[in-house]
*Asks:* 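Pasting a structure here, questions to come.
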Amino acid sequence: MTKKDRYQFVIQYFLDHTPEAETELVYDNPFQLLVSVILSAQCTDKRVNMTTPALFAQYPDAASLSKAGFDDLLPLVKSISYPNNKAKHLIGMANMVISEFGGIIPMTVDELVKLPGVGRKTANVITSVIDNQPNMAVDTHVFRVSHRIGLVSSRAKTPYAVEKELVKYIPEHYVHKAHHWLILHGRYICVARQPKCFECGIRPVCKFFKKNVKE
DNA sequence: ATCCCGAGGG
DNA sequence: CCCTCTGGAT
């Protein structure tokens, strides 16, 4: 079982089973997706989707959000992890979008990471989902699943190291899909605690299964 | 007690 | 590299 064989099996498995995988965040435009992804840090997508309708009703675009007062915005994100940081980041992000990018959400990783509250993972999500750029966002799920299956070296200790290995082996036109495949697999099958290995079709090539689970 | 589509700062 | 931020679900 070479690494190439493992990738081929995994890609074919997802193509056969969940070819339609996409983000579960609810959004209508790049601004809304950016806000949602910023809010999603250490928080479930379901909870983000519960809070964003009221948020977008009051602040539908970067212009309105840039003028938001911290004390007005805070209650709208209070049920999310790190509400103080995120409220501050959202207002700062909106201000920079207006002042530096003419009110348009930039669509390169280098520009996006300049925005407050936007790191490499968020920038990769935006450019991949909105613009189909072959950028692999490595979140907690992608990190865990990639290591468990054996898609990346155990020496890949950081999300960036995992990202570089994944994009090296995944064909460019599958990178966008592969992000969502690994996310959703991690969310529903290869969960952090007690992964559901016997519901998982990837177990024939999975290092974790071979090492820790006996049939 | 641990985890959820992380980022910023030291 | 480390730490802090910090609500809700399981």
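Proteins come first, then strands; the chains are lettered A, B, ... in the order of their sequence lines, and each starts at number 1.
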*Asks:* Answer yes or no: does a side-chain N or O of Arg144(A) lie under 4.0 Å from OP1 or OP2 of dC3(B)?
*Replies:* no
*Asks:* Determine the interatomic distance between C1' on dC1(C) and the same-named atom on dC4(B); round to the nearest Å.
*Replies:* 24 Å
*Asks:* Test for a donor-acceptor pair under 3.5 Å between the base of dC5(B) and the side chain of Thr23(A), counting only N and O atoms.
*Replies:*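 Such a pair is found, so the answer is yes.
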*Asks:* Within the structure shown, what part of the strands sits under 4.0 Å from Pro159(A) by heavy-atom distance: base, sugar-phosphate, or nothing?
*Replies:* nothing
*Asks:* Hey, would you say the Phe198(A) and Phe209(A) ring centroids sit under 6.0 Å apart?
*Replies:* yes
*Asks:* Rounded to whole Å, how long is the line connecting atom OH of Tyr160(A) with atom C1' of dG8(B)?
*Replies:* 19 Å
*Asks:* In whole angstroms, how far is the P atom of dA9(C) from the NZ atom of Lys46(A)?
*Replies:*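 Spelled out: NZ on Lys46(A) to P on dA9(C) is 11 Å.
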*Asks:* Nearest of dG8(C), dC5(B), dT6(C) to any side-chain atom of Ser79(A)?
*Replies:* dG8(C)
*Asks:* Is a side-chain N or O of Asp5(A) found less than 3.5 angstrom from the main chain of Met1(A), in a donor-acceptor match?
*Replies:*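 Checking the backbone N and O of Met1(A) against the side chain of Asp5(A), no donor-acceptor pair under 3.5 Å is found.
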*Asks:* How many Å lie between CG on Asn49(A) and C1' on dC5(B), as a whole number?
*Replies:* 11 Å
*Asks:* Would you indicate what Val125(A) reaches in the nucleic acid, counting non-hydrogen atoms under 4.0 angstrom: base, sugar-phosphate, or nothing?
*Replies:*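 Answer is base: heavy atoms of Val125(A) come under 4.0 Å of a base.
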*Asks:* Tell me whether Tyr82(A) is stacked on the nucleobase of dA7(B), counting only the six-membered base ring and applying the 5.5 Å and 30° thresholds.
*Replies:*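 Given the distance and angle limits, no, they do not stack.
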*Asks:* Measure up the His185(A) and Tyr13(A) rings against each other and bin them: parallel (under 30°), tilted (30 to 60°), perpendicular (over 60°).
*Replies:* perpendicular
*Asks:* Using atom CG of Leu34(A) as one end and atom P of dC5(B) as the other, report the distance to the nearest whole Å.
*Replies:*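 It works out to 18 Å between those atoms.
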*Asks:* In whole Å, I'd like the distance from the CD atom of Gln42(A) to the P atom of dA9(C).
*Replies:* 16 Å
*Asks:* Between Arg47(A) and dG7(C), is there a contact of a side-chain N or O with OP1 or OP2 at under 4.0 Å?
*Replies:*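 Answer is no, no contact under 4.0 Å.
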*Asks:* Under 4.0 Å: is that the gap between some side-chain N or O of His180(A) and OP1 or OP2 of dC5(B)?
*Replies:*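 Checking His180(A) against dC5(B): no side-chain N or O falls below 4.0 Å of OP1 or OP2.
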*Asks:* Give Ala137(A) one of three labels, base, sugar-phosphate or nothing, depending on what nucleic acid heavy atoms sit under 4.0 Å from its own.
*Replies:*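 Touches nothing.
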*Asks:* Looking for any heavy atom pair under 4.0 Å, which part of the strands does Val118(A) touch: base, sugar-phosphate only, or nothing?
*Replies:*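 Here Val118(A) touches the backbone only, sparing every base.
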*Asks:* Can you check the distance between dC5(B) and dC3(C), where both ends of the measurement are the P atom (answer in whole Å)?
*Replies:* 24 Å
*Asks:* Verify the contact: side-chain N or O of Thr122(A) to OP1 or OP2 of dA7(B), cut-off strictly under 4.0 Å; return yes or no.
*Replies:* yes
*Asks:* For Leu33(A), report the nucleic acid contact type (base, sugar-phosphate, nothing); a contact means any heavy atom under 4.0 Å.
*Replies:* nothing
*Asks:* For the side chain of Arg193(A), starting at C-beta, report the closest nucleotide among dG7(C), dC5(B), dA1(B).
*Replies:* dA1(B)
*Asks:* Tell me if a side-chain donor or acceptor on Lys86(A) pairs with a main-chain N or O of Ser81(A) at a distance below 3.5 Å.
*Replies:*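 Such a contact is found between Lys86(A) side chain and Ser81(A) backbone.
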*Asks:* To the nearest angstrom, how far is Lys86(A) atom NZ from dC4(B) atom C1'?
*Replies:* 9 Å
*Asks:* Any sub-3.5 Å donor-acceptor pair from Arg120(A)'s side-chain atoms to Tyr160(A)'s backbone N or O?
*Replies:* no
*Asks:* For Ser81(A) and for His89(A), find the nucleotide of DNA chain B with the closest heavy atom, then tell me which residue's nucleotide is more 5'.
*Replies:* Ser81(A)
*Asks:* Without decimals, in angstroms, what is the distance between Leu90(A) CG and dA7(B) P?
*Replies:* 13 Å
*Asks:* Starting at atom CD1 of Ile80(A), determine the distance to atom C1' of dA9(C), rounded to an integer number of angstrom.
*Replies:*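 For the pair Ile80(A) CD1 and dA9(C) C1', the rounded distance is 13 Å.
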*Asks:* Does Asn85(A) place a side-chain N or O at less than 4.0 Å from the phosphate oxygens OP1/OP2 of dG8(B)?
*Replies:* no
*Asks:* Assign each of Met50(A) and Lys157(A) to its nearest nucleotide of DNA chain C by heavy atoms, then name whichever residue's nucleotide is nearer the 5' end.
*Replies:* Lys157(A)
*Asks:* Tell me if the CD atom of Glu20(A) is crowded by more than 12 foreign heavy atoms within 6.0 Å.
*Replies:*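 For Glu20(A), atom CD is crowded (more than 12 foreign heavy atoms under 6.0 Å).
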